[in-house]
Structures are given as structure tokens and as C-alpha cells.
Undergrad: 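Can you read through this structure? Questions will come right after.
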Amino acid sequence: MFLAYTIAGLLTLFVYSFLYKDNPFYRLAEHLVVGVSLGFGFVYSFQQIFIPFCWNPLMEGHYDVLIPALIGLMWWPRFIPKWAWLSRYPIALTMGFFSGFSIPNTIQASILVQVQHTMLNFAGTSPYGGSQALYIFNQIVIFIGVFSVLIYFYFSKPHKGALGHISKIGIWYLMIGFGATFGFTVMGRISLLIGRLQFIITDWLQIVH
Amino acid sequence: MKTTIPLIIVLVGGIIGIIFQFIPHEFVQTINDEILNYFRVLSFFALPLGIVSILMVHTGKIRRKAQHWQYSIILILTIFFMIVTGFVFGTDRFDPRLANYGWNTIFMFMFQQVQIPIESTMFSLLAFYISTAAYRAFRARSKEATILLVASLIVMLGQVSVGQMIPIIGDYIPVISNWIMSNPNMAAKRGILLGVALGMLGTSLKIILGIERAYLGRA
Amino acid sequence: MLAVDKPNDKGDQINVMWPPVKEKIRIDFLQIFQKNKSKENLLIENLADKISGKEKDDNILYYDLFRKNLGTGKMEYINRFQSFITNYRDQRQSFKDTKNKLEGYKKMLREQPTYKYYIRAISPLYYSKVTESKPAKMQGQWFNMEKIIALIAMMVITASLFYFIRKAKSDASLYIRPLAGLKEIDNAVGRATEMGRPILFVPGLSSIADIATIAGLNILAGVAKKAAEYDTPLFVPLRDYVVLPIAQEIVKSAYSEVGRPDAYKEQSVFFVSPSQFAYVAGVAGLMAREKPATNFFMGMFWAESLILTEKGNEEGCIQIAGSDAETQLPFFITTCDFTLIGEELYAASAYISKDPLLVGSIKAQDLDKLFIIGCIILGTLLTTLAELLTYPALNFFKMLFPVQ
């Protein structure tokens, strides 16, 4: 176990050395991780994708999987300039299908549902209790926010005059939102560092138990 | 043959993709799932391109004796080492000699003691970079940067118990932080989301209709 | 008892509801016995005096639900439910689970998945009478009515796109306001050329199924063309191997479009690693050693965004980012020189290419945006009025839209 932890621990220190500057230790760790992850990814994809979705069905007599397999082979002539255009077929198939596939869900989840949630009730009461005045105030804050941010993304007219003022409010909202996300993330990132330090101190070097 | 047929494929594929989302019937949904499986197979065949690509970059470096070319040898050897050990010793085959060390095969050892620690350490670099990023925002001194900084400070303090120890305002910080998260922050997110959705729809439709075809090469 | 086909589904579910059983029972006598060792029943307590003749609510403990497949005639026990549960969504096994899908589908059609449901209440004292439902058939629908508004919205969006594309064909002078980040692309490429240092372009870390990746690749097309014109080396490291051939195709044709197909190097668009932070390690190392003058980050990013951009800052690169990942935008904004926020990323390819058709599509998106704002204002107005006038019918407009 100590050997394993020593390897992991040294590699951890190698990566941290990068904070100072690029150096042979980091370069070693970098090339190792790229190589390992690529090899791992290949074997893993082979076992998790090729075997269950291509090889097994084929062995069970479902020859229909030959269709995607043959189209998939069309990626390969990329290296022969004369035949390189063949790879446009799988590209076109992938781009076309996934573009279409995303459309209805984008409309449903990212537009219609969001529009529904923004049809606010300026005379309502909070379903969770609390002061009605505050609830209505919050509803107005949200309404102005969504409206002004959408205006900020309006490209057809220069942001001058009234449009300029509204889009300015939109920018403020965006900055508050980004700030909130920023602040919300900080603690999580620091705990990552604490996790690594814990590994070095407790698991590897066993200074503290 | 080189442009027209791909454009027809895009159009037909796109329309099929759309239609399938509106038909819940099991017959269609089964075909849909089957197509998604087909795409898994189709994509898998592009994986060797990735490997060849990285091999080309690094054999090139070795041949040119470019700066730090020695590391390219390590990288190439590691790739093959992983692929060979993965296929020969298996990804989960149990090896009693190695089991005492908490791992089963040399393949999994490489994953757990090389890839995982390096990757999680890379991830943890964020703890340093998030502070330099905060410093950058602090230095920017524009009105927008100040708004961002204040909002992030309030939300950050709202998350830790230290925030509540600040005299007078301490008790209010979690309240204000929550208010920011669920009101102006949510409004901004929703505005972004609506805009992004329109952008995505525009891009998808342009691709399906063959207006946007940079990916096929415009020439 | 009610059993009805679940609407708008693929045809493998039935909604079953039963009324709660509330019966008054009259208890005449109640005696409690215990078996002794020789298995004789011994009376321990006689409660007859205390409760006999009184009426009380029976305590229902459980419901037992059964179903009968009218196709095969098979009776099945479904489950036992706590007394407060009075509905259940019954689901049959998917024919996809069968080995031969076509056979499974035929079998399902043959067996006619029509079911009759039976419910029985259980109290500590007795089993209630069995109630049965009318037969219900599991039927798949050929159109999801819950998505009808989505269909209409899609038609509106497509129509607006067609309208503006037609308009753009006849009128090439459609106005769109300049975006700060995009004007800088030219300068940024020029700067790299002056310094004799390369350009780094990351089209996000997501797959091609993510439209943000496609948007990033469209911008790559423009950047690659500029790089080819100025003869500035370009690095495009990739995480997704399906994106690889597409990105190569884009960069290659950008070079041949400006008449320099020979200058294109296949190795400039390369794969790094499918694993997120291994990719970051590789790209961060690349920045440290190749010293790009300009970094572009366009597409979908996760936590790695800040590592990439801060590394870029350390190396003194000019950085232009664009993403629709709202969780990463704060980091791009604080660490990059210019950031395309959300929709701006998608609009960018129109700006760069100045193709009138693409500009027309932005106009169409703006029209859709006004439409959305209109819907929000109208919906808010009607909802508020419905509350003020206590006239709930005004909520109809809001109710047209899906909640989730």
C-alpha cells in the first residue's frame, strides 16, 4: 500500500510544482496522465461501447449493427486525401440527427418552461409563507431581471437611449448572478485542496492519524 | 456526392431527430433508442482517429527531436502499455498477488494510482486559481466588476459560519445571500437560458437547413 | 375504481385509482385467545362487554392490488399498499427487454395488453369485498399532446428564420450591433502574428451532440481563416474524438478557402485525452511550452475553465472566451479579456462570416426574443388580473405552457 501511495503522493507533488513553473516533474506527470487516460479510455470504450453495442448484437445475429459500423469505418479514410470526403457522411449524420434531436427538448425545457415560470403574479402570496410585500417585491425583481437580460441579448438595435438603459440593468443582473455563482463555488474548490492535502498528510506520510 | 448528399443526410437526419421527440409511442421510441445505440457504435469508430492523431503529434516530435521530445516517448509507451495490459490482464480480472495492495490488475493500478491522483490534483489547482481570479476582479475597478465582487463576497460569506460572526450584519448575511441566489441570480440565469435556447435553436435549424455548413467545408 | 390508459406515453402504463374504503362496522364480541403448548386455545381476555354493539370506523391497514391480463387470462398480484395510498401507475414489462425485439413487439400486440384491476382492503379484522375496475388497455400515443405548444413554438421559430433569410437575400444591409469580443478576434490574431507566437483554440470539452460545441467550431472556421491569412500557427487540442475529424475538416477547408491549402498541418488539430483533467494537464503544459499569444475558449466548459484561463494569464496571453455554461461564465469574465456570454456565442459565427443568411438568422432570433418578452408580459398581466379580480379563468394563458 505504501508503494502505491508513494507513487500517487509524488505525482501529486509533481503537479503542484507546476504552480511555480513548468518543470521536468510536471512534464513527466502530464505525459503520464495523458497516456494512461488515453489507454484507459480506449480499453474502457472498447469494453463499454464496442462489445455490448456492436460485437454482442452481431454475435447474436443482429446484423443491423453492421450499418453504423460500416458508416463508422468511413471516418478512417481521412488520412487518404483522395478519399477524405467520405468522412463527411458520418459527420453529416451525427450533426443532423443531434441538431434535430435537441430542438424539441430545448423548446420545451429551456423556453416554454422558463416562460411559464416567469409569468409572475404581482398580487399573489408566497406558497412558502412570509410577508406578501416581500414576495411581490421579489416577483418584480425577477421580472425586471429576465426582461432586462433578454434586452441585453437583443442584437438588432444599438444599445442607446432607453434600450441602452435597460440593457445596462441587464448587465448588472448578469454581474450579480455571476458573482453569486463565483461565491457559491469558492468553498467547494478549497475543499478539493484540503482533500489532496489530507491524502498527503494522513494516507501517504501518515503524519497525522 | 461530396456536398449534396451530406446536406440531404443532415436534413433527413435532423427531421427524424425532431419527429421522434414528438411521438411517445413505444414502437418509435424503440427505434429511437436503437438509433442512439447506433450512434454509440458510429462514434466508437472515430476513437482510433484520436489515438492516431496523438501518435502522429508525438512521433513527429520524436522524429524532429523537438524540445522535450523524450517525454513523447514516455507518452507513447504509456498508451501502449495501458492498451496491452488492459486487454491481456483485463480490467477487472482478479490477481491475488496484487489484491493485497488494494488493486486487482496492473491496468487498474495505473488508473487508480496514476490517473486519479494527477487528475484530482489538477482539479484542486482551482483552489489557487479561484483566489487569483478573485484578485483580478478586485483589481478591475469597473462598476461591473465591483457588483460581481460584492455579490460573490456576500454569497461566499453566507456559506461559511465565519460570515455569521461578523458583528451587526453577520446575522443578515445568510438571509441576503439566499435572497440573491433565489431572486436576481435566478432572473439572470433565466435570461441567459432563454437567450442560449434561442441561439441553440437557431444553430440547429441552420445546420438542418444547410445554411450553416462550416463543418462540411464551405469551399 | 378507475383504470385508464396513461395519456402521452409510449403505451406501457395504466393509471389506477381507487376510492378510500370507509366502512362502519359493528362489533358484537371480541375475544383474544392464545395457543398454549399443547396447542389448545386459551381465552385470555374477553372484550365483549366493553365494545359489543358499538359502531366504529374500521381501520383500513392495507390495500391489495391485483390485475388480470385479459389477453392471456393470467391473474397477477401487484402489490400491497399502505392505507393512505389510493393510486398506482401500473407498468408492463417493456418488449425491449426481450431478446428479439421484433418478436417481443409482435408478442405484445398478440397478447393485447388489456388489464382489469381488482382491489381489496385489509383491516385488522377482515378483508373487504373485492372491487373491480373496467378493463383498460395500454395504448401508446402517436403524438404527445403535452408538446403541442412546443410544436407551435418550433413552427413560429422556423417561420421567423425563413422570413428573415428571405429578407436577407434581397437586402444585404441588415443591421446587427457590434459585439466587443468579436471585434477583438482580428486584433488578437494580428497580435499573435506580430509576436511570432501561435494561437490556441479550444472548442469546449463537450461532445458534438452539444450545440455549444458546434457554435465553437463555427467560430473556429473564422479564426482558422484569419490564422491562415496571416500564416500564424494554430493549435486546436480536443477532448472528444468525434469532434476531431469535424474540426480537422473545418480548419482544412478554412486554409484552402484563403488559397493556402499547403499551409494546413493535420497535426495542428489534435486529440489530447478523453479524460477531463488529463486534457487540462495536457493543454496547460502546451500553454507553458508553446507560449501562445492568443487563447480562444469557445463552447461548453466545466470546472476546468478557470485552470485554463488562469494558466493563460500566467503566460500573458490575450484571451477571448465564449460559453453558454452559466456556472463557468463568472470565471471567464474575471480572467479573460473578452467574453461572449450565452447567446453571443451562437451569434458569433454570423458576425465573423458576415454571411447575410447567418445575419438574417440573428434577426429571426431577435424577433423570437420579442415574442418571448410579449408572452411573459401578457402572462404576468393575466395572472395578476386573475388574482386581483378573483377570476381564475384568466390563468388559461399561463396554463398553456408546460410546468416542467
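Every chain is numbered from 1 and lettered A, B, ... according to where its sequence line falls, protein lines coming before strand lines.
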Undergrad: Using modelled atom types only, decide if a donor and an acceptor are shared between the side chain of Glu119(B) and the backbone of Ala278(C) within a distance under 3.5 Å.
TA: yes
Undergrad: Give the minimum heavy-atom separation between Ser53(B) and Phe270(C), together with the two atoms involved.
TA: OG-CA, 3.3 Å
Undergrad: Which atoms of Ala347(C) come close to chain B, meaning under 4.5 Å heavy atom to heavy atom: side chain ones, backbone ones, both, or neither?
TA: neither
Undergrad: Step through the shown structure and confirm whether more than 12 heavy atoms of other residues, nucleotides or ligands are within 6.0 Å of CZ on Phe128(B).
TA: yes
Undergrad: Relative to chain B, which segment of Phe162(C) carries a heavy atom at a distance below 4.5 Å: side chain, backbone, both, or neither?
TA: side chain
Undergrad: Start with the C-alpha distance between Phe331(C) and Ile130(B), add both sets of side-chain angles, then the distance that settles side chain to side chain contact (heavy atoms under 4.5 Å, CB included), and finish with yes or no.
TA: CA-CA 8 Å; Phe331(C) 305 115; Ile130(B) 205 163; 3.8 Å; yes
Undergrad: Out of Ile23(B), Ile51(B), Leu198(B), which one racks up the most heavy-atom pairs below 4.5 Å with chain C?
TA: Leu198(B)
Undergrad: Using heavy-atom distances under 4.5 Å, tell me whether Leu217(C) contacts chain B through its side chain, its backbone, both, or neither.
TA: neither
Undergrad: What part of Ser275(C) is in contact with chain B, defined as an atom under 4.5 angstrom from a non-hydrogen atom: side chain, backbone, both or neither?
TA: both
Undergrad: Using non-hydrogen atoms and a 4.5 Å limit, figure out which bit of Leu201(B) sits close to chain C: side chain, backbone, both or neither.
TA: side chain
Undergrad: Could you tell me which portion of Leu42(B) (side chain, backbone, both or neither) has an atom closer than 4.5 angstrom to a non-hydrogen atom of chain C?
TA: neither
Undergrad: Which atoms of Asp9(C) come close to chain B, meaning under 4.5 Å heavy atom to heavy atom: side chain ones, backbone ones, both, or neither?
TA: backbone
Undergrad: Taking side chain as everything from C-beta outward and backbone as N, CA, C, O, which of these in Leu209(B) sits under 4.5 Å from a heavy atom of chain C? Side chain, backbone, both or neither.
TA: side chain
Undergrad: Atom CZ in Arg136(B), atom OG1 in Thr309(C): separation rounded to 0.5 Å?
TA: 8.0 Å
Undergrad: Show your reasoning for whether side chain to side chain contact (heavy atoms under 4.5 Å, CB included) applies to Gln115(B) and Phe277(C).
TA: CA-CA 9 Å; Gln115(B) 186 177 342; Phe277(C) 286 100; over 6 Å; no
Undergrad: Non-hydrogen atoms of chain C under 4.5 Å away: do they reach the side chain of Gln67(B), the backbone, both or neither?
TA: neither
Undergrad: Measuring heavy-atom distances to chain B, does Met145(C) have an atom under 4.5 Å in its side chain, in its backbone, in both, or in neither?
TA: neither
Undergrad: Is there any residue in residues 10-22 of chain B with a non-hydrogen atom under 4.5 Å from a non-hydrogen atom of chain C, and which ones are they?
TA: Ile18(B), Gln21(B), Phe22(B)
Undergrad: When heavy-atom pairs shorter than 4.5 Å are enumerated against chain C, which of Thr121(B), Val57(B), Val52(B) gives the highest number?
TA: Val57(B)
Undergrad: By a 4.5 Å heavy-atom criterion (distance strictly below it), what part of Thr335(C) contacts chain B: side chain, backbone, both, or neither?
TA: both
Undergrad: Could you check whether atom CZ of Phe143(C) has more than 12 heavy atoms from other residues, nucleotides or ligands sitting under 6.0 Å from it?
TA: yes
Undergrad: Can you say whether Ile165(C) sits under 4.5 Å from chain B via the side chain, the backbone, both, or neither, judging by heavy atoms?
TA: side chain
Undergrad: Rounded to the nearest 0.5 Å, how far does NZ of Lys265(C) lie from CE of Met56(B)?
TA: 12.5 Å
Undergrad: Would Glu249(C) and Tyr215(B) count as a side chain to side chain contact (heavy atoms under 4.5 Å, CB included) here? Give the steps.
TA: CA-CA 7 Å; Glu249(C) 187 73 33; Tyr215(B) 63 97; over 6 Å; no
Undergrad: Tell me, out of Val242(C), Asn313(C), Thr158(C), who's got the most heavy-atom pairs with chain B below 4.5 Å.
TA: Asn313(C)
Undergrad: Measure distances from Ala281(C) to the heavy atoms of chain B and classify the residue's part below 4.5 Å as side chain, backbone, both or neither.
TA: both
Undergrad: May I ask you to test the Glu314(C)-Tyr129(B) pair for a side-chain heavy-atom distance under 4.5 Å?
TA: yes
Undergrad: At their closest point, which heavy atom of Gln365(C) faces which heavy atom of Gly202(B), and how far apart are they?
TA: NE2-CA, 3.8 Å
Undergrad: Taking every non-hydrogen pair under 4.5 Å, which of Asp324(C), Ile246(C), Ile307(C), Leu244(C) racks up the most with chain B?
TA: Ile307(C)
Undergrad: Around atom CZ of Arg166(C), are there more than 12 heavy atoms of other residues, nucleotides or ligands at under 6.0 Å?
TA: no
Undergrad: Which heavy atom of Ile192(B) sits nearest to which heavy atom of Gly342(C), and what is that distance?
TA: CG2-CA, 4.4 Å
Undergrad: Report which part of Glu304(C) has an atom under 4.5 Å of a heavy atom belonging to chain B: side chain, backbone, both, or neither.
TA: neither
Undergrad: Write out, in numerical order, the residues from residues 208-215 of chain C with a heavy atom short of 4.5 Å from a heavy atom in chain B.
TA: Ile211(C), Ile214(C)
Undergrad: Is chain B contacted by the side chain of Val269(C), its backbone, both, or neither, given a heavy-atom distance below 4.5 Å?
TA: backbone
Undergrad: Within residues 178-189 of chain B, which residues come under 4.5 Å of chain C, heavy atom to heavy atom?
TA: Lys189(B)
Undergrad: Look at Lys147(C), Met154(C), Glu343(C) and state which one has the largest set of heavy-atom pairs under 4.5 Å with chain B.
TA: Glu343(C)
Undergrad: Which atoms of Ile333(C) are under 4.5 Å from chain B, going by heavy atoms: the side chain, the backbone, both sets, or neither?
TA: side chain
Undergrad: Counting only non-hydrogen atoms closer than 4.5 Å, does Val28(B) touch chain C with its backbone (N, CA, C, O), its side chain (CB onward), both, or neither?
TA: side chain
Undergrad: Anything in residues 137-155 of chain B with a heavy-atom distance to chain C below 4.5 Å? Please list those residues in order.
TA: Ala137(B), Leu148(B)
